[in-house]
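Given the structure is predicted, the values throughout are model-derived calculations rather than measurements.
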Amino acid sequence: MTRRTIGYVVMASLILATVISLGATIALGGSAAQGDPTAEQQTLDAAINQLFTQTAAAQSQVGGTLTVEAGLQSALTATW
């Protein structure tokens, strides 16, 4: 067998083992989902708020640059 074939066999085996263990967990009455939906929502809110903060910071930095570029473009294209 080539290395690629061995890699495919290993990946297929791992995927199959994951599917079987997940199915067994659900079949035995367990839950594959997180136990506390409030904690999950808080985690999502924190991650989203962090991204919004980073986006706002980046936009404020770009906003000044765009204003200068617009002024320069206006000055360059102005006709006398």
Side-chain angles (χ1 to χ4, degrees):
M1 281 196 212
T2 65
R3 286 184 183 215
R4 180 177 280 177
T5 305
I6 293 171
Y8 289 146
V9 169
V10 169
M11 289 299 291
S13 299
L14 289 174
I15 291 171
L16 182 62
T18 302
V19 169
I20 289 172
S21 64
L22 182 61
T25 301
I26 293 172
L28 294 174
S31 174
Q34 186 174 358
D36 186 10
T38 303
E40 183 178 348
Q41 185 62 45
Q42 290 172 343
T43 302
L44 290 172
D45 288 344
I48 291 169
N49 287 335
Q50 181 182 8
L51 292 174
F52 280 148
T53 303
Q54 291 173 352
T55 302
Q59 286 178 345
S60 67
Q61 293 172 355
V62 172
T65 305
L66 293 176
T67 302
V68 171
E69 287 178 2
L72 182 60
Q73 184 66 24
S74 175
L76 292 174
T77 58
T79 58
W80 296 87

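- Between atom CD1 of residue Ile20 and atom CG of residue Leu22 there is a gap of 11.0 Å, rounded to the nearest 0.5 Å.
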Show me the side-chain donor-acceptor pairs of residues 6-18 shorter than 3.5 Å, one per line, residues at least two apart or across chains.
{"residue": "Ser13", "atom": "OG", "partner": "Val9", "partner atom": "O", "Å": "2.8"}
{"residue": "Thr18", "atom": "OG1", "partner": "Leu14", "partner atom": "O", "Å": "2.9"}

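- Residues forming a side-chain hydrogen bond (donor to acceptor under 3.5 Å, both in side chains) with Gln50 (at least two apart in sequence, or on another chain): none.
- A distance of 10.5 Å separates CG in Asp45 from OG1 in Thr38, rounded to the nearest 0.5 Å.
- Scored by the side-chain hydrogen bond (donor to acceptor under 3.5 Å, both in side chains) test, Asn49 finds no partners at all (sequence neighbours excluded).
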